[in-house]
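Inspection log for the structure reproduced underneath, given as structure tokens.
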Amino acid sequence: MPDHAISPTRDQDYPEWYQQVVRAADLADQSPVRGCMVIKPNGYAIWERMQSILDRMFKATGHQNAYFPLFIPLSYLEKEAKHVEGFAKECAVVTHHRLELGADGKLVPTGKLEEPLVVRPTSETIIGAMYAKWIQSWRDLPVLINQWANVVRWEMRPRVFLRTTEFLWQEGHTAHATREEAVEETLRMLDVYATFAERDLAMPVIKGPKPSGERFPGAVDTYSIEAMMQDGKALQAGTSHFLGQNFAQAQEIKFSSASGQEEYCWTTSWGVSTRLIGAVIMTHSDDDGLVLPPRIAPLQIVLLPIHRTPEERETVLACCRTLEAKLTAEHFGDEPLRVRIDSRDMRGGDKAWQHIKQGVPLRVEIGPRDLAAGTVSVSRRDKPPKERVSVPLDAIVEQASQLLEELQRGLFEKALAFREAHTVRLGSTEEVVAFFGGTAEPAPKGKGGSARSGFAHVHVADDPAVAAILDPLKVTVRCIPMEGDDEPGTCIVTGLFVNRRSVLARSY
RNA sequence: CGGGGCGUAGCGCAGUUGGUAGCGCGCCUGGUUUGGGACCAGGAGGUCGGGAGUUCGACUCUCCCCGCCCCGACCA
């Protein structure tokens, strides 16, 4: 066996490594439909963790869940000009509602629809239409609704979890009486995402507004959280949009104000998707497979009984059950520990490696020698695979949540250190070109670009001239960071005054 | 949609003067084993991505199609 479980390694071929991690951890499978994925139980369990944490956060900030239809009348999409422009190229359209058996024995669509239906690429239009019905008075505001749903965007280049034709997400849609309130909501949800990313996913993110070219179609302002993957590329991990009155005007979302005036609502929308699973994989995983932060790990501690004889099996398993009960009674992050005994009849080494590849944070081995000594043998996913520490049986119960906390924090700090090690401040176009490896740098044949350049903080104006310089480098302005010390300066391309530096990077 | 690479067992791969398939891992059975990817013996598993053509005969040659990966184009 090689000295690592995943081949190729990250250094050898990053995109291929990513796919092998997904396979080794049994997270997803290909579907017969191009660009779609089957999310397998191991992958879906991660999504369920994300859902449950985020859902609580949404409720805690006053939102309620609802569900809007998958199908959107074509005419709805036409209402907001920029919105159409942005999504028209990637819409699946339903034109028929029936199949008939043709002469050749094949099914053919018939029953043409009077108005084609678009499979939602996002739901602003249909939700807006409903809000227009529901909102009459300032007393009806704000409307704070979220929905968990699937959406379809006919992407040209799918990658499992990162960009698939159909994906799962949540989309929040809110309507407010004032601009200030809507902006506040936009930023509040951006904060929710940032907190979730950093606290639960252990993934450091940069919050900030997008330049105009990267805005959501129809938005006044788009804010994102941007994370750095281990190949130095940026991944947009969540977005929050201030939609101004654009959609309200297009869809007649109006209310009578306290002073009796008819006014347009101010709306927002915000979302994160199953892309976050890809983000977690690419932030933490190593050459032995998936590494999951304890807070989102569906299984936090796996108990591995070791025995030879039936008698040993009984006593060891009994001890495991007791330990499982004690551990399950403990809490980590306000939730009971997620513990399981893996008593499958297979070789211990294979079993252990399976859990390594699946990213289980803690492995606890219990064998006859442990029983005799009153200890267990503990391995951490953030340490080398063969490292084990002997711990007294009682101590593990007390220490479990603390260990998980250490792991969680360690992963965050490691990711943060990586980001910082690959972040620079640059002051000229020459430096930018040099940092990103020069123009038109071709990737190695058949390999992904393993050029691990990273983030460059640079003063740039929101101007086409900047894009003209960055374009050939395949670099984009990810966002303008809202936090951290920074000073005003002049744009390295246009010489225009700008308040802060922007983050430049290659991105997914 | 363009350029490149690739589709052979669950996974990773071999298989050129064309003669209808093999290796490693995995899987199943039995045994010996067992504190970190065991060993021995036996076994199951493939319409060689799909279709058409050339041929006595195609995994192999020709054409078309489909899918996957990388790079572009495109992308909240």
Side-chain angles (χ1 to χ4, degrees), chain A residues 1-8 13-20 23-24 26 29-36 82-83 85-90 121-124 151 153-160 162-165 167 169 171 210 213-219 221-224 236-241 243 269-273 275 288 304-309 312-313 316 345-357 363 365-373 375-377 379 384-388 390 440-450 471-472 474 476 507-508:
Chain A
M1 271 292 168
D3 52 355
H4 47 256
I6 302 296
S7 169
D13 187 343
Y14 194 81
E16 182 60 24
W17 164 84
Y18 172 74
Q19 295 186 98
Q20 292 302 332
R23 194 203 309 274
D26 207 23
D29 202 351
Q30 266 188 229
S31 93
V33 179
R34 177 188 162 74
C36 295
K82 292 232 169 65
H83 197 63
E85 226 180 277
F87 284 109
K89 285 163 290 188
E90 50 187 39
T122 179
S123 304
E124 271 75 7
V151 286
R153 296 181 186 178
W154 218 264
E155 301 286 356
M156 293 186 192
R157 203 169 139 193
R159 295 160 187 242
V160 66
L162 300 175
R163 182 179 290 108
T164 48
T165 299
F167 57 94
W169 78 344
E171 47 181 328
K210 292 277 201 183
E214 303 267 325
R215 260 183 222 140
F216 175 71
D221 281 310
T222 286
Y223 297 83
S224 73
Q236 177 176 297
T239 50
S240 187
H241 315 291
L243 303 176
S269 68
W270 27 274
V272 297
S273 72
R275 166 179 261 203
D288 288 321
L304 302 168
I306 290 157
H307 46 75
R308 293 180 230 197
T309 64
E312 274 180 1
R313 183 182 150 86
V316 167
D345 180 20
M346 60 188 281
R347 293 190 61 77
D350 289 334
K351 200 189 275 186
W353 275 102
Q354 225 172 67
H355 293 292
I356 291 169
K357 288 187 278 195
R363 307 186 295 284
E365 286 182 17
I366 304 168
R369 292 214 295 268
D370 289 302
L371 285 190
T375 60
V376 293
S377 191
S379 306
K386 302 199 175 174
E387 194 171 308
R388 283 181 290 179
S390 199
E441 164 219 6
K445 267 244 154 74
K447 307 263 169 151
S450 47
D471 230 37
K474 294 164 220 147
T476 49
S507 71
Y508 278 98

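Throughout, protein chains are lettered first and strands after them, A, B, ... in sequence-line order, and every chain is numbered starting at 1.
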When the [atom1] atoms of [N] and [M] are considered, how many whole Å apart are they?
N	M	atom1	value
B/C68	B/G50	C1'	15 Å
B/C27	B/G19	C1'	32 Å
B/C11	B/G72	C1'	31 Å
B/U17	B/C61	C1'	12 Å

Starting from [atom2] on [N], measure out to [atom1] on [X] and report it in whole angstrom.
X	N	atom1	atom2	result
A/His355	B/G37	NE2	P	16 Å
A/Tyr508	B/C69	OH	C1'	13 Å
A/Lys351	B/G35	NZ	C1'	13 Å

What nucleic acid atoms does [X] come within less than 4.0 Å of, heavy atoms only: base, sugar-phosphate, or nothing?
X	value
A/Lys82	nothing
A/Arg363	base
A/Gly35	sugar-phosphate
A/Trp270	nothing

(message) Could you tell me the Watson-Crick or G-U partner of B/A44, where both distances fall under 3.5 Å? Say none if there is no partner.
(response) none
(message) As an exercise, state the distance from CD of A/Gln236 to NZ of A/Lys210, rounded to the nearest 0.5 Å.
(response) 4.0 Å
(request) Report the nucleotide, chosen from B/A38, B/C75, B/G36, that has the shortest atom-to-atom distance to any side-chain atom of A/Glu155. (result) B/C75
(message) Side chain of A/Lys474, heavy atoms from C-beta onward: which of B/U33, B/G35, B/G72 has the nearest atom to it?
(response) B/G72
Contact list (N/O, under 3.5 angstrom) for nucleotides 8-14 of chain B vs protein:
| residue | atom | partner | partner atom | Å |
| --- | --- | --- | --- | --- |
| B/G12 | OP1 | A/Arg23 | NH2 | 3.1 |

